[in-house]
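Each residue takes its place number in the sequence, starting with 1.
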Amino acid sequence: MTTISPEVTIGELVAERPSRSRIFEQLGIDYCCGGKKPLSEVCAKKGLDPAMILERLEREAEALLDTGPTPAQMTLSQLAVHIESTHHAYLRNELPRLAKMAQRVAKVHGDKDQRLLMLSATFGVFMHELESHMAKEGHVLFPAIRALEAAETLPSLPFGSVANPIHCMEAEHDGAGEALERMRSLTDGYTPPEWACNTYRALLDGLHELELDMHQHVHKENNVLFPRAKEREMQLTAF
Ligand SMILES: [Fe+2]
Ligand SMILES: [Fe+2]
């Protein structure tokens, strides 16, 4: 069993063993957009004991054995394909479905709870921004990352350094994270009121699942794909 230092970042901990994300989800610790922070700093802020978390990570490590290659073990091209075929494909199906449900619930129950109108509006903007974000990754950034991996000398990219679009994508991830937090708070943590109909309940279920998927998705990009792409560019620059 390896001994984990409290100075390791949350993102590194999840990159090394993805199933640890479940423990961080349960503790309300942000491991995707906030993944660059060391465990010790996050614990101090949340009033948690790092020794307790380290013990839990080590104790549960055996029970949460990950199967298949982790994102950190994939090549950059494999990881980009994996992100597109799982997380982007999931969002393309799920976003329009949830948008329709949010509109319907807002229309039928908005007079009873005005927050449902805000929820539907927030979701609409979130969906629109995320669709444009995925198009930029799929058509511009991921092909550039594949080119960096395949190249033997530094390729000329239309946007200069790969760090430029990565910086934009990370800022957009922060925006998406804020929208998800807003939706969580507008729905009291995805808790349906007693009078909620089935569509309302299914919407909250779907939103909760979306939040979990987005955390995984953003973690794989912010903490694995992007740093490794920048590292690859640095290696090629050194030649
Ligand atoms: Fe993505
Ligand atoms: Fe992204």
Side-chain angles (χ1 to χ4, degrees), residues 1-67 69-74 79 82-83 86-87 90-91 122 126 129-130 133 137 163 166-191 204 207-231 234:
M1 191 180 285
T2 49
T3 308
I4 307 166
S5 148
E7 292 321 305
V8 70
T9 69
I10 305 289
E12 283 166 344
L13 283 167
V14 176
E16 187 185 60
R17 198 179 274 276
S19 52
R20 284 175 179 152
S21 62
R22 288 185 236 172
I23 297 170
F24 291 128
E25 291 281 2
Q26 283 164 13
L27 294 167
I29 292 177
D30 172 11
Y31 65 90
C32 52
C33 289
K36 291 188 178 114
K37 291 184 190 138
L39 179 67
S40 55
E41 186 188 320
V42 174
C43 286
K45 221 173 177 181
K46 287 202 155 259
L48 293 166
D49 175 11
M52 177 276 283
I53 308 233
L54 289 175
E55 203 232 273
R56 199 165 155 190
L57 287 172
E58 295 197 351
R59 183 162 33 89
E60 294 186 25
E62 297 303 315
L64 297 173
L65 275 182
D66 297 299
T67 52
T70 66
Q73 290 164 336
M74 293 180 193
L79 182 52
H82 162 78
I83 289 170
T86 53
H87 302 294
Y90 159 80
L91 286 171
T122 305
F126 169 81
E129 290 181 351
L130 205 50
H133 176 85
E137 287 181 340
I166 284 177
H167 184 71
C168 294
M169 294 302 105
E170 286 180 339
E172 291 181 6
H173 290 166
D174 288 345
E178 282 161 22
L180 286 167
E181 270 176 37
R182 207 171 315 127
M183 291 192 275
R184 171 178 267 280
S185 112
L186 286 169
T187 57
D188 302 322
Y190 313 111
T191 312
L204 296 186
L207 286 175
H208 194 188
E209 197 182 291
L210 172 78
E211 181 192 66
L212 295 173
D213 193 86
M214 278 295 291
H215 287 168
Q216 291 280 344
H217 178 179
V218 169
H219 157 69
K220 288 173 193 173
E221 291 175 358
N222 276 20
N223 302 321
V224 188
L225 185 68
F226 295 170
R228 282 181 55 202
K230 288 195 276 189
E231 207 180 287
M234 294 268 279

(request) Identify the heavy atoms of Asn223 and Cys32 that sit nearest to each other, and give their distance. (result)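 Nearest heavy atoms, Asn223 then Cys32: ND2-O, 3.6 Å.
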(message) How close do Tyr31 and Ser21 get, counting heavy atoms only, and between which atoms?
(response)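 Heavy-atom minimum between the residues: CZ-CB, 3.5 Å.
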Can you name the residues that form a side-chain hydrogen bond (donor to acceptor under 3.5 Å, both in side chains) with [X], not counting sequence neighbours?
| X | value |
| --- | --- |
| His215 | Glu25 |
| Lys36 | Glu170 |
| Asn222 | His173 |
| Thr9 | Glu12 |

(message) Please enumerate all residues that pass salt bridge (Lys or Arg N to Asp or Glu O under 4.0 Å) together with Glu172, with sequence neighbours excluded.
(response)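 Expected list: Lys136.
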(message) Ser40: which residues meet the side-chain contact (heavy atoms from CB on, under 4.5 Å) condition with it, sequence neighbours left out?
(response)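 Ser40 satisfies side-chain contact (heavy atoms from CB on, under 4.5 Å) with Pro6, Glu7, Pro38 once adjacent residues are dropped.
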(request) List for me each residue that meets side-chain contact (heavy atoms from CB on, under 4.5 Å) alongside Gln73, sequence neighbours excluded, and say none if there are none. (result)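 Listed in chain order: Pro69, Thr70.
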(message) For Met214, is there any backbone N or O sitting under 3.5 Å from a side-chain donor or acceptor partner on Tyr90?
(response)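 Side chain of Tyr90 to backbone of Met214: no pair is present.
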Counting only pairs under 3.5 Å, give me each side-chain donor-acceptor contact of residues 42-50, with atom names and distances, residues two or more places apart or in other chains.
| residue | atom | partner | partner atom | Å |
| --- | --- | --- | --- | --- |
| Lys46 | NZ | Gly28 | O | 3.0 |
| Asp49 | OD1 | Ala51 | N | 3.0 |

(message) Could you work out, with ring-ring contact (aromatic ring centres under 6.0 Å, His included) as the rule, every residue matching His167, not counting sequence neighbours?
(response)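 Listed in chain order: nothing, the list is empty.
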(message) Filter on salt bridge (charged side-chain N to carboxylate O under 4.0 Å, His left out), then keep only pairs touching residues 180-190, sequence neighbours left out; what's left?
(response)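 Applying salt bridge (charged side-chain N to carboxylate O under 4.0 Å, His left out) to every pair that reaches into residues 180-190, excluding sequence neighbours, yields Arg115-Asp188, Arg184-Glu211.
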